[in-house]
Amino acid sequence: MDINREIARLNTRQKEAVMHTEGPLLVLAGAGSGKTRVITTRAAYLLHTGIQSGSVLAVTFTNKAAREMKKRVLSMLNGKKNRRPVISTFHSLCLNILRREIEHLGYRKDFTIYDTSEQLSLLRSILNDIKFHDKSFKVESVLDRISRSKNNIIPLSDKESSGQDDLGIISDVVYPKYHEALKTLNVLDFDDLLLLTLKLFREHPAILENYMERFRYIMVDEYQDTNRVQYDFIKLLAGERKNLCVVGDDDQSIYGWRGANLGNILDFEKDFSGTVVVRLEQNYRSFGHILQAANGVIKNNKKRMDKSLWTAGGAGPRVNIFKAVDGDDEARWVIDRISLIQYEKRISYEAFAIIYRANIFSRPFEEALRRKRIPYSVVGGTSYFDRKEIKDLAAYLKIIANSRDDLSLLRAANTPRRGLGHSAIRKLADFAQDNSISLLEAFMRAGEITGLGTRASGSAIEFAGLISRYSDLFMKNREMGKVFRSLTEEINYRDYIYELYKTPEAAVRRVENLEGFIDSLSHYETEGKSPSLHGFLETLALTDLLKEKEEKTGRGVTLISFHSSKGLEFPVVFIAGVEEDILPHKKSMYLDGAVEEERRLFYVGITRAMKELYITYTDHRVKYGKNAPATPSRFLDEIPDEVIKRLDGTEKTDPKQDEKDANDFFANIQAMLGSRNKN
DNA sequence: CTGCCTGATCTTTTT
DNA sequence: GATCAGGCAG
């Protein structure tokens with residue numbers, strides 16, 4: 001594909017964004033306005049104008065976005081493989097920098113990364129150590145506080161108005177201990193990746209200078225989702241040159257609750273003088289009526305940059321609103337409707353999505369779908385619980401890669417059981433402490449520990465031997481997959497699985513996971529340029545291999561939360577449970593600005609729809625076991641009357657309008673089938 | 001260790 | 001009302 005032809009296909013605004021290469025640029029990209037296309041074309045264009053390969057940096061939040069962009073840029077750069085931008089997530093960009101430079105901060109180079117569950121077990125063990133057993137505090141909330149303070153995003157109101165609450169006090173006590181523990185374990189958490197890179201840049205201007213020289217053109221995707229640390233990092237890297245292009249949509253900022261700072265995008269012009277602002281308002285996704293509904297809703301927000309979506313396409317059918325009796329009725333009605341549309345119009349089930357506020361609402365829809373034997377897939381939820389075997393084996397790999405990771409060592413040492421009980425572990429840990437050595441070294445020297453039984457010390461020594469033997473093998477051997485397989489065989493992990501899971505089906509599934517895990521290592525090894533165990537563990541930490549597989553297998557009707565739906569599109573969308581206390585959520589009503597975020601959520605949901613949009617709510621809904629009356633969401637009133645079609649007899653509809661709607665819909669089936677891949 | 005009971009909680013999620 | 005974590009007894 002030729003870059004000039006690509007540019008010729010853009011609209012005026014998009015072109016403006018692509019061709020404006022020097023100085024700060026803010027691209028306000030409305031939903032469905034071809035945002036990704038602009039970023040990728042811009043990257044390709046920059047390289048085309050002769051800018052050095054590797055000087056163009058595009059930062060995203062998710063691996064999925066990064067992957068998609070790489071693919072598209074690559075296809076535009078056909079024949080010029082030597083020219084390619086750096087496209088990376090915040091986290092993996094920082095990880096790469098730290099791998100190279102972290103010694104300047106007094107850390108070791110061979111660190112490994114802890115995921116959330118490992119952070120939690122570390123915290124639990126710290127709380128145990130300080131004999132803090134107050135069960136009114138959840139470890140999760142302590143971790144949340146620590147993470148917030150690491151990201152420098154605790155709202156002032158927390159510290160000042162409410163004073164220091166109890167959770168804050170305990171978090172303040174635990175934070176330094178947690179930090180210290182990570183350092184001795186030679187481990188970083190996700191927040192550290194960003195935070196330490198920022199620290200590195202601040203404390204070592206020469207290093208920052210290096211990276212500023214390297215990345216001369218910076219682009220940031222989903223800028224409305226950046227937090228304080230990310231903002232500082234980008235600002236520092238952009239330096240005086242300020243060839244910084246940020247792309248985002250303040251109207252789609254829905255992650256304020258986890259630290260995203262809407263101010264970053266709203267104040268961009270102020271922060272970077274001379275900013276050029278380009279608004280992308282032409283929408284290529286949805287019919288006009290859907291956009292009118294979206295515009296009508298979002299314009300009620302005070303904190304936003306004024307803009308409004310439009311389409312060169314048709315108005316399409318009106319937005320359908322249905323009031324159900326209760327939650328079950330709502331689910332039944334939605335599924336009947338899906339069934340009807342799919343039968344009449346011969347569209348595949350993949351064309352439908354049901355969007356809700358909280359994952360718990362998927363339940364009645366799942367049941368109704370199952371009853372009708374309609375295929376579906378639920379996106380999100382916490383399904384990553386059932387991967388114990390992955391965590392077990394990852395613990396082995398982690399202690400092999402990082403001999404200081406005591407926590408992983410403990411997990412590995414007892415799975416499968418190796419006859420090392422509480423007291424033996426206690427003695428080993430004390431010995432390590434007294435001699436200020438790592439736990440693994442203590443295992444090696446278990447023979448020296450007085451009061452440790454011969455059986456226990458034998459076990460410990462044997463385990464330490466196993467780890468060091470495999471450390472060597474992983475270092476030397478080029479076939480890590482094979483080495484790993486022999487490790488799992490040596491520890492009889494398969495037998496352990498069969499022992500653990502009574503039913504054969506469960507055991508078989510686990511064994512499949514085990515096999516899949518080994519395969520993913522082999523696969524990583526053959527794909528990558530210079531594979532290493534550390535590299536594999538990084539991929540594991542920064543990308544969820546299992547989850548990505550699930551995404552691909554996603555079949556049938558999609559059940560999804562507002563949050564997860566961002567960035568996706570579906571021909572026919574149902575938004576369910578549009579009621580007060582659900583949307584806006586009950587807990588958002590007291591928080592300043594939170595209702596506006598709820599409104600954005602609704603806006604995101606509406607703008608997922610390409611051809612048809614259905615909004616449902618109920619008269620009564622079962623809440624906490626009680627059947628309580630429900631009130632339609634205040635946001636419903638914000639949709640202009642003329643684009644609404646009531647399907648519940650609340651309003652008399654003009655039969656002629658109905659016929660017109662049906663015709664519009666029919667006329668667009670072709671488009672619906674052929675336009676899944678926009679842009 | 002396992003399984004049962006009790007009580008607390010009931011938004012959203014990526015890396 | 002359902003679910004899950006943590007406590008406690010066996």
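Residue numbering restarts at 1 for every chain, and letters A, B, ... go by the order of the sequence lines.
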Once you round it to whole Å, what is the distance between [atom2] of [N] and [atom1] of [X]?
X	N	atom1	atom2	value
Lys138(A)	dG7(B)	NZ	C1'	13 Å
Glu140(A)	dA8(B)	CD	C1'	14 Å
Arg621(A)	dC10(B)	CZ	P	18 Å
Asn96(A)	dT15(B)	CG	P	16 Å
Gln252(A)	dT12(B)	CD	C1'	16 Å
Trp257(A)	dT13(B)	CH2	P	6 Å
Asp221(A)	dT14(B)	CG	C1'	14 Å
Gln119(A)	dT15(B)	CD	C1'	10 Å

Checking Arg72(A) against Glu68(A) for the salt bridge (Lys or Arg N to Asp or Glu O under 4.0 Å) test, could you report, in this order, the C-alpha distance in whole Å, the side-chain angles of both residues, the deciding distance, and whether it holds?
CA-CA 6 Å; Arg72(A) 291 216 216 166; Glu68(A) 173 73 10; 3.1 Å; yes
Return the 5'-most residue of the pair Arg417(A), Lys587(A) with respect to DNA chain B, ranking by each residue's nearest nucleotide.
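Of the two residues, Arg417(A) wins.
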Mind checking the P distance from dT3(C) to dT12(B)? Whole angstroms is fine.
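Rounded to whole Å, the distance is 15 Å.
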What distance, rounded to whole Å, do you find between the two P atoms, one in dT11(B) and one in dC4(C)?
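The answer is 15 Å between these two P atoms.
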Given [options], which nucleotide is nearest the side-chain atoms of [X]?
X	options	answer
Phe190(A)	dT3(C), dT11(B), dT15(B)	dT15(B)
Thr116(A)	dT12(B), dT3(C), dT15(B)	dT15(B)
Tyr624(A)	dG1(C), dT13(B), dT15(B)	dG1(C)
Arg363(A)	dT14(B), dT3(C), dT12(B)	dT3(C)
His585(A)	dT15(B), dC1(B), dT11(B)	dT11(B)

Could you work out, with salt bridge (Lys or Arg N to Asp or Glu O under 4.0 Å) as the rule, every residue matching Arg363(A), not counting sequence neighbours?
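Partners of Arg363(A) by the salt bridge (Lys or Arg N to Asp or Glu O under 4.0 Å) criterion, ordered by chain and then number, come out as Glu367(A).
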SB check Glu389(A) Arg510(A) (cutoff 4.0 Å):
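So Glu389(A) pairs with Arg510(A) through a salt bridge.
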Run the ring pair (Phe, Tyr, Trp, His ring centres under 6.0 Å) test against Tyr496(A) and tell me which residues pass, sequence neighbours left out.
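So Tyr496(A) forms a ring pair (Phe, Tyr, Trp, His ring centres under 6.0 Å) with Tyr493(A).
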Output yes when at least one side-chain N/O atom of Asn63(A) is less than 4.0 Å from OP1 or OP2 of dT14(B), else no.
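For dT14(B), OP1/OP2 do not have a side-chain N/O of Asn63(A) under 4.0 Å.
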Kindly say if Asn359(A) contacts the phosphate of dT13(B), meaning a side-chain N or O under 4.0 Å from OP1 or OP2.
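Asn359(A) to dT13(B) OP1/OP2: side-chain N or O found under 4.0 Å.
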Any luck finding a side-chain donor-acceptor pair between Asn186(A) and Asp405(A) under 3.5 Å?
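No, no side-chain donor-acceptor pair sits under 3.5 Å.
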Going by distance alone, is a donor N or O of one side chain under 3.5 Å from an acceptor N or O of the other, for Asn301(A) and Arg599(A)?
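Result is yes, a qualifying pair exists.
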Could you tell me whether the side chain of Ser561(A) has a donor or acceptor atom within less than 3.5 Å of a complementary atom in the base of dT13(B)?
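Answer is no: no donor-acceptor pair is held.
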Contact class for Ser92(A) vs. all strands (heavy atom < 4.0 Å): base, sugar-phosphate, or nothing?
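Here Ser92(A) touches no strand at all.
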Does the side-chain ring of Tyr255(A) sit on the six-membered ring of the dT13(B) base, less than 5.5 Å centre to centre and under 30° in tilt?
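Ring-base stacking flag not set for Tyr255(A) and dT13(B).
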